[in-house]
Each structure stands twice: as structure tokens, then as C-alpha cells.
Number of protein chains: 2
Amino acid sequence: MMVSEYIHQIIALLQPEKECVENAFKKMELSKGDFFIKQGKVCDQVAFVVSGKLRNFYIDDAGNEVTCFFVTADSFVSAFTSFLTNTPTHENITALEDTVLRVISKKDIEELSILIPKMQIFRRIIAENLFIIMEKRIMMLQSQSAHERYEKMLKENPEILLSVPLQYTASFLGITPQHLSRLRKELQK
Amino acid sequence: MMVSEYIHQIIALLQPEKECVENAFKKMELSKGDFFIKQGKVCDQVAFVVSGKLRNFYIDDAGNEVTCFFVTADSFVSAFTSFLTNTPTHENITALEDTVLRVISKKDIEELSILIPKMQIFRRIIAENLFIIMEKRIMMLQSQSAHERYEKMLKENPEILLSVPLQYTASFLGITPQHLSRLRKELQK
DNA sequence: GTGATTTCTTAACATTTGTTCAGTGTGATG
DNA sequence: CATCACACTGAACAAATGTTAAGAAATCAC
């Protein structure tokens, strides 16, 4: 989907506004394995995923990769906390497959928001939607067992489960790959 | 703090705008144990906590209360997901002590946002800040042990730990009261 | 103040999850 | 083809956490 189309679905845009938006987002192509952002940098851009798939992960105190999110087409991706606070990020965002992005810098978002004031509403809605996703995830991690979390993911995001290495899914669920392997076997019965 | 003051700290308000904001938020007083919202209802208001303390919890599949958040003075409280999606909430929000709120309805927020367009920016920033808090919490739940989570809370929110019943803290950390009691004893050594 | 109720602690035991390590399969590369 | 690296599985054991039940401590209602 085009980024202006996506925004238009949320806040109606006039044709010249659509063009203005399309010009503000620059095309970026990532090959499988390429990084959108690496830990230690300040993330000053946000991207709309046109096609492909990415993974957001960080390295915990024990040195393990912990997957925070998978990001698929028609959604926004960024190290948002770094982006919003201008502090170096702990997150890495990498392409799980060849991926096409439309990228906009913080500066350009601000300029676009002056040109098109209702972009403020759009930005608010995006932030609110991210919040809703986060809250769901917290409830899952806080009150469900690993087994329940896996079954829920199997039901709600089978396409991710099937397309990414098991170890990524494991850390996303907050468990070790060995334990996920065990849960899978139990579930086969 | 007055709610207009709080907002003013984030987006500068003119004196008449401050008054406009103060009028839009209605005073509400809760006694200890009173509910701001109960599960099953659609939450159509947001409150600024002037003084007091609240707890946000839901009942999980096993029938246990699970504490999602503690909310203290000078922050906003609501069943945000319900508020944003107009769906019945699973959350309960209750006063842990006598509490003074300034409450605004969804309708009034929209009207206020038309009168004072920069309220859109404020609303976005609030949503973004909630997102940042959520993300931190996810990382904690996903990659740290109960012991580490407790120590972190002890360091960062001792005032909450000391003022709420242990069982609330336990479910907030994602563990049983018995296990928290055990962790505490270990830490005393 | 007294009894009743709730909250907290403790301990034994059960379950879940992590750790270590060995093995198996698979795909890439020379 | 041989080999290497990597992802996944499996099993034995260890550590973390849950469950149950009982008693101690704190709080509440009268």
C-alpha cells in the first residue's frame, strides 16, 4: 500500500496533501539481514513498511538477543522510544526478508505537520494504536503461561510463527528456544 | 497540581486557554475503595489525578486479580484501550486511598481540541509517553526474572512498594504473593 | 478491647522453565 | 562431494515459580 493511502484511511487527505505526503517519505530498500537501526544510535526516523518483514530486538544483560516485535507490511516501524526521547536506542531493527520502506525523518515529520495540521491527529492515533498493542502484550506476559502465550500466538499470528526462525519466536514469547521446542512437541499430541 | 498547569508544562497555554481547560475538567472525589471504572462498561472519560493513588486491575481466566498499573498524582488515568476503541473494558480502576480527580469526557475532549487545536499535540504526547512506559514494562516482563523485576521496582518505585498491599505488587510483577514474600526474605540477607 | 477478617509468612511439594550438552538435520560454501 | 555453520530437537538435571495448607500478624468492625 502507498503510505498516503494508509494515512488517508485514518484521516481523509485531499489529493495535493497526498502528494505532499508521498514526497516527504523517501523510498528505502533493505535486503534480508540489513539493519534499519542499530543499538547505540539515536533513531531519528520512522518508516512505513510497504512490503517485507522486520524484527526488532535488543541484547539483554546476559548477552541474549530478545525479540520485541515483528513488523509486517502496512504498519510503521521505528525505535520509537529513542525517536521520541532523542536518546540512544537499545533496539536493533533488521530485515527478515527483502523489504521496501518509505522513510521520513523527524525534521520532515514536523514540517509536514505544519503544512498539514491534521497530521497531528494522525500521529496521535498511531501512538494510541501502539499503546493498545503494548497493553495487550503486557497482559499476555504478565498473566499467561508460556504455553498459553504460544497457543495464542499460534491462533492470532500463525503467519509470523511459520515464517521466522523458532529462536526469534521463543524470545518474543519470553522463553528459551529449548523450552519452545518442548512446548511444540507437547502440542503435537 | 492543576490540570491546566500540567498541560501548560507540555504545550504552552495562554491564560484564557488555561481557564477553558479548567472548565472542561470536572472535579470528582473518590473515597478509598471507590471505583473510577468497572469491567464490562465502556470507559468514555479520562481523569487527571490531583491527589491520591489508584490501581488498575483485571480478573484473569483463573479468577485472580491482576494489577496492571498504579497511578499517582500528576498523571492521567483511564481504561485507555476501552476509551480509544469504544469497547467494554476488562479493567477496573479503584482508589487505593482518598483521591481527587479532574475528569473529562470523550465528547468534551473533542470539543476542547477544536477550541484549542494544539490540544491534539498534547494528546499525542500523552499517548507517546504511555507507549514509552509500556515498552519499558514489556522489556522487564519479557527478559528479567521475578527477582530482578522486584529489585528494579524497589529502586525505582519504592514509594509504591511501601504503600500498597503486597498482593497487589505481586500480581503487578507477574508472580504470586507467596513467591514475592519468598523473594523479600531472600533479599533481607 | 475483642473477636472476626484479611493479609502476610512459611514450608513442603508440584510444576514450569532454564541450563547444559549431545545429537540430527539442513543449507551454504569451497 | 565434504565440510562447516547453524537451527532445531531431545534428555537429564537445576533453578525458578506455583500450589496448597497452616499459622502469625495486622487490620477492621463493633
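Below, chains carry the letters A, B, ... as their sequence lines are ordered, and counting in each starts from 1. All figures in this text were calculated on a predicted structure; none of them were measured in a lab.
- Using a cut-off of 4.0 Å between Lys/Arg side-chain N and Asp/Glu carboxylate O, Glu110(B) and Arg123(B) are scored as salt-bridged.
- Note: CG (Leu180(B)) to P (dT7(C)) measures 15 Å, nearest angstrom.
- The distance between atom CG of Leu187(A) and atom P of dT9(D), rounded to the nearest whole Å, is 13 Å.
- One interatomic measurement links the two molecules: CZ of Arg184(A) to P of dT17(C), which rounds to 16 Å at whole-angstrom precision.
- Ring orientation note: the planes of Phe122(A) and Tyr6(A) are nearly perpendicular, at an angle over 60° on the 30°/60° scale.
- Put simply, the side chain of Phe76(A) does not reach to within 4.5 Å of the side chain of Val71(A), judged on heavy atoms.
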Any chance you could list the contact pattern along nucleotides 11-30 of chain D? Use B for base contacts, S for sugar-phosphate-only contacts and - for none, protein heavy atoms under 4.0 Å, 5' to 3'. SB----BBBB----------
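- Using a 4.0 Å cut-off between charged side-chain N and carboxylate O, Glu65(B) and Arg55(B) make a salt bridge.
- Around NE2 of His179(A), the count of heavy atoms belonging to other residues, nucleotides or ligands within 6.0 Å exceeds 12.
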Please list, for nucleotides 4-6 of chain D, all pairs of protein and nucleotide N/O atoms separated by less than 3.5 Å.
none

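- In this structure, the side chain of Glu22(B) engages the main chain of Ser4(B) through a donor-acceptor pair within 3.5 Å.
- Considering CG of Leu130(A) and CD of Glu135(B), their distance stands at 9.5 Å, rounded to 0.5 Å.
- Following rounding to the nearest Å, Leu166(A) (CG) and dG25(C) (P) show an atom-to-atom distance of 17 Å.
- As rounded to whole Å, 12 Å separates atom P of dT7(C) from atom CG of Leu96(B).
- For NE2 of His147(B), the number of neighbouring non-hydrogen atoms (other residues, nucleotides, ligands) closer than 6.0 Å is greater than 12.
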